[in-house]
Amino acid sequence: MNVVPEYVTGISHPMIREMYLKKEFANGSLQGEQDILVIEMFAEAGAHEKEHESFDSHLIDVLADLEDLKAQAESKIGHHFDRVDIRTQ
């Protein structure tokens, strides 16, 4: 049971700070195990913005590239993941 995140390297995007794969366990059991790709956006993408429209445009850029980012991550990781979480700092 590995709970240490597996960082995905070699993928770059102007709005993404880092990507990693983490495991999530339902009810603490291995039967409910899920692999989750976590995409962390740069803080500047949403920080100090007075209007949500500016952050939304950064998020839309990441979402527009999401399928390509997922494909690149799967090729680096070597297997499919169950879910993608996008986070801001």
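One is the number of the first residue; the rest follow in order along the sequence. All heavy atoms count here, side chains included; hydrogens, waters and symmetry mates do not.
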Verdict with supporting geometry, R87 and V38, side chain to side chain contact (heavy atoms under 4.5 Å, CB included): CA-CA 7 Å; R87 299 179 179 171; V38 179; 3.8 Å; yes

Rounded distance (nearest 0.5 Å) linking atom CD of E24 with atom CG of D82: 9.5 Å

Q34 side chain near K23 side chain, heavy-atom distance below 4.5 Å: no

Closest contact, heavy atoms only, L21 versus F81: CD1-CB, 3.8 Å

Residues H80 and E74: side-chain donor-acceptor under 3.5 angstrom: yes

Co-membership, hydrophobic cluster, residues I77 and I16, 4.5 Å side-chain: yes

M19 vs Y7 side-chain heavy atoms within contact, under 4.5 Å: no

Enumerate, atom names and distances included, each donor-acceptor pair closer than 3.5 Å involving a side-chain atom of residues 64-72, sequence neighbours excluded.
{"residue": "D65", "atom": "OD2", "partner": "H13", "partner atom": "NE2", "Å": "2.7"}
{"residue": "E67", "atom": "OE2", "partner": "K70", "partner atom": "NZ", "Å": "3.3"}
{"residue": "D68", "atom": "OD2", "partner": "Q72", "partner atom": "NE2", "Å": "2.8"}

For D85, side chain to side chain donor-acceptor pair (under 3.5 Å) partners two or more places apart: R83

hydrophobic_cluster_shared for V62 and Y20, side chain cutoff 4.5 Å: no

Criterion side chain to side chain contact (heavy atoms under 4.5 Å, CB included) against T88, the qualifying member of H58, M41, E40: M41

Any side-chain heavy-atom pair of L63 and I86 under 4.5 Å: yes

ILVMFWY cluster, I11 and I36 together (side-chain gap under 4.5 Å): no

Contact check, side chains of H79 and D35, non-hydrogen atoms, under 4.5 Å: yes

